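All figures in this text were calculated on a predicted structure; none of them were measured in a lab. Whatever order the structure lists them in is the order used to number ligands and atoms, beginning at 1.
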Amino acid sequence: MSTFLGLPTAPPGVGHLRQTEPFPDAARRALGDSQLRRNLGKATSHIRAKRAAVVAELPDWEELRSAGQAIKARTMARLDVYLDQLESAVTARGGDVHWARDATEANAIVTQLVRDAGASEVVKVKSLATDEIGLNDALADAGIAAYETDLAELIVQLGHDRPSHILVPAIHRNRAEIRDIFLREMSDVSPDLTDEPAALAEAARRHLRRKFLSATVGVSGANFAIAETGTLCVVESEGNGRMCLTLPQTLITVMGIEKVIPTWTDLSVFLQLLPRSSTGERMNPYTSMWTGVTPGDGPQAVHLVLLDNGRTAALADPAGRAALHCIRCSACLNVCPVYERTGGHAYGSVYPGPIGAVLSPQLTGVEDNASLPYASSLCGACYDACPVKIDIPSLLVHLRARHVEERRHTHRLPSAEAVTMAAASWVMADAGRFAAAQAGGKAGRLISRRGAISSLPPPLAAWTRARDAPVPPAQTFRQWWARRNGNGP
Ligand code: SF4
């Protein structure tokens, strides 16, 4: 196994990261669901407006973004050093640190820890890292029940569904759908349950309360880990996380290695950026922090599982590694015109939207999520919204280039796109050939209908699978120019 910056380089990730069908096919199906589009449009426009209002309150918002970007870049450049420092600090305060190269190892570590604690059920704080590795399924295979306690994650779990948004996993569901799920899946719910938000939250609260009180193991992710003291941090809105982090005797945290930050001063920057960008709040209602074990207070066995699962491979790409700067606020999803129309399931990965389009292919290897870097119009809205200034459009173009290059090395036959581009290059390299090709515009006008060409013949057919082609103009630029200068017919 090779190493990078002193870290073992993990194989491409497994778990819930790989697409099972290409984005264009999944997106086409999602676009046919008008209820989904209504739910998404309503939810994302609401969050966008809240975010814009609280961001506008800060005169130094751009400076904060630059500071966040700089801290992340500095941390990634010395990630091995900060991870070693974090491990030493957590261990010194009575915690245990485990290293997992991939999803399989991480799941095995957590399963063994739960068994060692003599438990057959765990309560969970909302965690993308555990979604990424498919922890709930792995625990179920080992006979251990995992109960999601975040309201949106609970809706997803009870609905036998998949998350579709980083922050609001059930964003694709409306109130009536949630009431139906609760009535169907919760044995202890009143049959008179309404779809009022307060009634739904109350039903979930009663349902979860018994789990909080009986579970002896809690499982969480972490938003940040502070290397200098070994402190872990979870930010959330509901308080369910605080219950999972404090009531059980054993606490297991699964965290991607990129979540480490050097100091508490650095944390102060992110605690201003994250809530404003995610929920549109000035501050998270609950910010929980813990440092190892405190005798007689909270969990008495504290474990930190540091997860690679493709991250060191992403780190090895000097351009692509910026995707590891992400603080999972989801602002890029909420402003993305593609995400707003297709929703998160079309991306086929735990990480949907613009950040998923640049992160998932790097965690799995570009070939395994090959269609994701193309799932964008490159409008740049994600870059403008990102609190740590990740230039997602440039990353998308970079990954498209990597995909084309890798395909060139792994396929004997060139793709239809490569053939078309080579032909276009040959035509445009010669004035006579270019003029002759332009004469073909007449054929384009002949096959057009109502001002557009909806279906081109191969090898151009792929272009019109997802969009119309414009009708060639009746007059080319050259003809117009010649006429203007008195040389044309
Ligand atoms: S890429 Fe930026 S905007 Fe998108 S989730 Fe990550 S931090 Fe937020």
Side-chain angles (χ1 to χ4, degrees), residues 17 43-44 47-48 50-52 54-55 61-62 64-73 75-76 126-129 131-132 152 163-169 171 221-224 233 235-236 255-256 258-261 266-267 269-281 284 311 314-315 317 319-340 343-344 347 349-363 369 372-373 375-399:
L17 279 174
T44 52
I47 304 174
R48 276 200 305 270
K50 273 183 79 182
R51 175 192 168 274
V54 291
V55 163
W61 179 249
E62 287 307 314
L64 270 172
R65 290 178 76 208
S66 298
Q69 180 189 38
I71 293 166
K72 283 290 180 181
T75 308
M76 292 307 140
K126 179 179 176 307
S127 154
L128 283 163
D131 287 348
E132 173 188 324
S164 64
H165 189 274
I166 289 176
L167 191 76
V168 196
I171 197 169
N223 292 95
F224 306 101
C233 174
V235 294
E236 43 127 5
M255 185 190 96
E258 80 282 18
K259 295 294 184 72
V260 66
I261 55 174
D266 298 328
L267 182 68
V269 173
F270 294 115
L271 289 186
Q272 294 177 78
L273 289 170
L274 180 55
R276 284 184 161 83
S277 304
S278 55
T279 49
E281 293 167 306
N284 286 91
R311 285 162 174 78
L315 194 65
D317 179 341
R321 65 160 62 172
L324 297 175
H325 296 184
C326 174
I327 56 173
R328 312 280 190 267
C329 71
S330 75
C332 58
L333 277 65
N334 299 330
V335 297
C336 176
V338 176
Y339 176 88
E340 186 175 339
Y347 293 80
S349 167
V350 163
Y351 302 107
I355 183 57
V358 295
L359 185 61
S360 304
Q362 295 198 76
L363 295 182
N369 278 303
L372 288 186
S376 168
S377 62
L378 302 180
C379 71
C382 48
Y383 186 19
D384 291 341
C386 179
V388 288
K389 286 191 175 174
I390 300 175
D391 184 355
I392 294 177
S394 295
L395 283 181
L396 289 164
V397 173
H398 170 71
L399 291 173

Check side-chain hydrogen bond (donor to acceptor under 3.5 Å, both in side chains) between Glu236 and all other residues, then give those that pass, not counting sequence neighbours. none
Heavy atoms, side chains only, cut-off 4.5 Å: are Leu359 and Cys326 in contact? no
Without swapping roles, check the side chain of Arg328 against the backbone of Asn223 for a donor-acceptor pair under 3.5 Å. no
Taking only residues two or more places apart in sequence, or in another chain, which ones meet Phe224 in a ring pair (Phe, Tyr, Trp, His ring centres under 6.0 Å)? Phe270
Who are the side-chain hydrogen bond (donor to acceptor under 3.5 Å, both in side chains) partners of Ser127, not counting sequence neighbours? Thr130
With a cut-off of 2.8 Å, which protein N/O/S atoms are close to atom 8 (Fe) of ligand 1, if we only count those under it? Cys329 SG
Between Lys389 and Ser66, do the side chains contain a donor N or O and an acceptor N or O under 3.5 Å apart? yes
Side chain, backbone, both or neither: which applies to Ile392 and ligand 1 if a contact is any heavy-atom pair less than 4.0 Å apart? side chain
